[in-house]
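Read through the structure below, which is laid out as structure tokens, and then see the notes.
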Amino acid sequence: MEFGSSQNLSINQEKLYTMTKKALVADWYYTNGGAEKVVHSMNNIWNDFDHYALIDFLPEKDRKYVFSGNSDKVKTSFIQNLPTAGSNHRKFLGLFPRAIEQFDLADYDLIVSSSASVAKGVLTHANQVHVSYMHSPMRYAWDLYFQYLREAKMTGVKSWYATKVLHKIRLWDVISTNRVDHLVANSNYIAKRIKKIYRRDATVIYPPVDIANFSLECNKENYYLTASRMVPYKKMDLIVEAFSIMPHKKLLVIGDGPELRKIKLKATSNIEFLGNVSLEKMIIYMQKAKAFVFAAEEDFGIVPVEAQACGTPVLAYAKGGALETVLQGVSGSFFQEQTTASIIEGVKKMDQIDFKYDLVRKNAERFRKERFETEFKDFVDSRLH
């Protein structure tokens, strides 16, 4: 009898999903990054989403992966057709709220948003369930506001306009969060920021990491590895500066971006820049590295988990998601400040730890993508009933 009841429940759930019209709203599609890996897993869970985003310039080579082989047709906003939207969509920040609110989602029963910007701000009504998976509140409007203004080097009218736009964005951001029925954060660090900014609680479900592609390698070589986009908050310049002061230690640098040229000027001969490499080559470099160095204050940080999946310990800045993904003395170590001196001290301390590479890998297994897909599906299931 119990088996029959369980079977009937499963059948009823299947009927529920068949009858439920679903929309998946993302901020944008233009690269295959961490947010796109989350969308990939969401498409693994449900194969009948209608997709919405401000823009869609995702390269063809990434589409099959991100959409898990399902329909990759994305309904975009008017920003898609604005000049230079493909190369610099963020210049239209002031238009983002209006653009996301123009999506008509009235016919959907379930809306799932993958949001680090405005996707959570879509308009919904009382008969819909909106679950928002939040990678972060808008960093450039909140945490990185003053840093953003400094790096933009705006003066006069431009500076005044930027501060006015970001002020309006903050007001809209708080108001629009009230439209979400259920908030999910990608880490305890982000849940804390959500509580601070929006005064709302969020359930923590760690994002998916496809650790099956990153196999354990116990035969390490004598070099350190770092990999990231070359943008200011990643602090790649500090890592390069630190290893320039340690000429006896080899550092390999993977990645590209606007800061690359400036960072290269700080490098000495023990530092090698590899640019963007294929996933296959990235995995090999990760597997063989003595350690992976990570200096950003990230919301979660998928790449350090991928490194650990290879059995490679991580030296990370002791803030943000790394405090939840790296175990001190087991799968890595920390440095306390975003300075060259602190990184150098961290490398010295890490060199004294005898890491067990199988335990490094075991820690990464906590974040496997199958775990995310089960947890997120169960979460949404419970909110639909």
Check: E298 side chain, A322 main-chain N or O, donor-acceptor pair, under 3.5 Å: no

Hey, is K195 close enough to D201 for a salt bridge, meaning N to O under 4.0 Å? yes

Measuring from D237:CG to L265:CG, what's the distance to the nearest 0.5 Å? 11.5 Å

May I ask you to decide if the ring planes of W46 and F49 are parallel, tilted or perpendicular, using 30° and 60° as cut-offs? perpendicular

With side chains defined as the heavy atoms from C-beta onward, is the minimum distance between Q128 and L110 less than 4.5 Å? no

Gap separating the CZ atom of F67 from the CG atom of N47, nearest 0.5 angstrom: 14.0 Å

Note, I111 side chain near L24 side chain (heavy atom, < 4.5 Å): no

List the steps, then state whether side-chain contact (heavy atoms from CB on, under 4.5 Å) holds for F214 with L279. CA-CA 10 Å; F214 297 81; L279 176 62; 3.9 Å; yes

Between E324 (side chain) and S187 (backbone), is there a donor-acceptor pair under 3.5 Å? no

Are R200 and T177 linked by a side-chain donor-acceptor pair shorter than 3.5 Å? no

Heavy-atom nearest pair, A185 first then I194, reads CB-CD1, 3.9 Å

Looking just at side-chain N and O atoms, do S77 and Q102 make a donor-acceptor pair shorter than 3.5 Å? no

D256 side, atom CG; R261 side, atom CZ - distance, nearest 0.5 Å: 13.0 Å

Is there a side-chain contact between T339 and L238 (heavy atoms, below 4.5 Å)? no

If you measure from NZ on K235 to CD on E259, what distance do you get to the nearest 0.5 Å? 9.5 Å

Closest non-hydrogen atoms of S136 and R139, given as atom of the first, atom of the second and distance, are OG-CG, 3.6 Å

Measure across V277 and L274 and return the closest heavy-atom pair with its distance rounded to 0.1 Å. CG1-O, 3.7 Å

Give the C-alpha distance, both sets of side-chain angles, the deciding distance and a yes or no for side-chain contact (heavy atoms from CB on, under 4.5 Å) between Y198 and N178. CA-CA 9 Å; Y198 307 125; N178 292 324; over 6 Å; no

Using a distance-only test with no angle check, is there a side-chain donor-acceptor pair under 3.5 angstrom linking K120 and H130? no

Measure from the side-chain N and O atoms of Q287 to the backbone N and O of S215, and report whether any donor-acceptor pair falls under 3.5 Å. yes

Do R368 and V209 have side-chain heavy atoms sitting under 4.5 Å apart? no

Evaluate whether atom NZ of K319 has more than 12 neighbouring non-hydrogen atoms of other residues, nucleotides or ligands under 6.0 angstrom away. no

Tell me if a side-chain donor or acceptor on R63 pairs with a main-chain N or O of D72 at a distance below 3.5 Å. yes

Between R179 (side chain only) and G121 (backbone N and O only), is there a donor and an acceptor less than 3.5 Å apart? yes

Are K21 and D48 ion-paired here, with the side-chain N under 4.0 Å from a carboxylate O? no

What's the spacing between L171 CG and L166 CG if we round to 0.5 Å? 11.0 Å

Regarding S71 and H51, is there a side-chain donor-to-acceptor distance under 3.5 Å anywhere? no

Side-chain donor-acceptor pair present, N270, T268, cut-off under 3.5 Å: yes

Identify whether the distance between the nearest side-chain nitrogen and carboxylate oxygen of D109 and K22 falls below 4.0 Å. no

Determine, step by step, whether M350 and F335 satisfy the side-chain contact (heavy atoms from CB on, under 4.5 Å) criterion, reporting the C-alpha distance in whole Å, the side-chain angles of both residues, the deciding distance to 0.1 Å, and the verdict. CA-CA 10 Å; M350 195 169 186; F335 57 92; over 6 Å; no

Return the orientation label for the F300 and Y206 ring planes: parallel under 30°, perpendicular over 60°, tilted otherwise. tilted

Can the ring centres of Y29 and F57 be said to be less than 6.0 Å apart? no

Closest contact, heavy atoms only, P97 versus L93: CD-O, 3.7 Å

Is there a donor-acceptor pair under 3.5 Å between the side chain of R361 and the backbone N or O of E217? no

Validation: residues 304-317 side-chain donor-acceptor distances under 3.5 Å, sequence neighbours left out:
residue	atom	partner	partner atom	Å
Q308	OE1	S331	OG	2.8
Q308	OE1	N363	ND2	2.7
Q308	NE2	P304	O	3.2
Q308	NE2	T325	O	3.3
T312	OG1	K220	NZ	2.8
T312	OG1	M286	O	2.5

Determine whether E345 and Q336 make a side-chain contact, defined as any pair of heavy atoms from C-beta on separated by less than 4.5 Å. no

Evaluate the criterion side-chain contact (heavy atoms from CB on, under 4.5 Å) for residue pair I344 and M246; output intermediate values, then yes/no. CA-CA 8 Å; I344 291 169; M246 299 183 289; 4.0 Å; yes

Evaluate the side-chain proximity of R371 to I205: yes if any heavy-atom separation is below 4.5 Å, no if none is. yes

Would you mind telling me which of N127, D50, T124 makes a side-chain hydrogen bond (donor to acceptor under 3.5 Å, both in side chains) with Y108? D50

Please work out which of the three classes, parallel, tilted or perpendicular, describes the rings of Y133 and F372, given edges at 30° and 60°. perpendicular

Please name the pair of heavy atoms, one in Y52 and one in D104, separated by the smallest distance, quoted to 0.1 Å. OH-O, 4.1 Å

Backbone N/O of V118 and side chain of D27: donor-acceptor pair under 3.5 Å: yes

Quick one: does NZ or CZ of R383 land under 6.0 Å from the six-membered ring centre of F379, within 45 degrees of the ring axis? yes

Cationic tip of K249 above F243 ring, under 6.0 Å, 45° of axis: no

In terms of side-chain geometry, is the basic nitrogen of K75 or D56 positioned less than 4.0 Å from the acidic oxygen of its partner? no

Do the side chains of D354 and K356 get close enough for a salt bridge, i.e. N-O under 4.0 angstrom? yes

Do any N or O atoms from the side chain of S87 and from the backbone of T84 form a donor-acceptor pair under 3.5 angstrom? yes

Donor-acceptor contact below 3.5 Å, side chain N43 vs main chain V39: yes

pair I211-F367: side-chain heavy atoms closer than 4.5 Å: no

Would you find more than 12 non-hydrogen atoms of other residues, nucleotides or ligands less than 6.0 Å from K362 atom NZ? no

Hey, is NZ on K288 packed in by over 12 heavy atoms from elsewhere, all under 6.0 Å? yes

Under a plain distance cut-off of 3.5 Å, with no hydrogens placed, do E241 and T340 share a side-chain donor-acceptor pair? no

Hey, is the main chain of V347 close enough, under 3.5 Å, to the side chain of K349 for a donor-acceptor pair? no

Is there a donor-acceptor contact under 3.5 Å linking the side chains of S333 and Q328? yes

If we ignore angles and hydrogens, is there a donor and acceptor under 3.5 Å between the side chains of S68 and N44? yes

Side-chain contact test, heavy atoms from C-beta onward, threshold under 4.5 Å: evaluate it for K168 versus W172 and give yes or no. no

To the nearest 0.5 Å, how far apart are CZ in F273 and NZ in K264? 6.5 Å

Applying side-chain hydrogen bond (donor to acceptor under 3.5 Å, both in side chains), run through H135 and S115 and close with a yes or a no. CA-CA 6 Å; H135 308 280; S115 185; over 6 Å; no

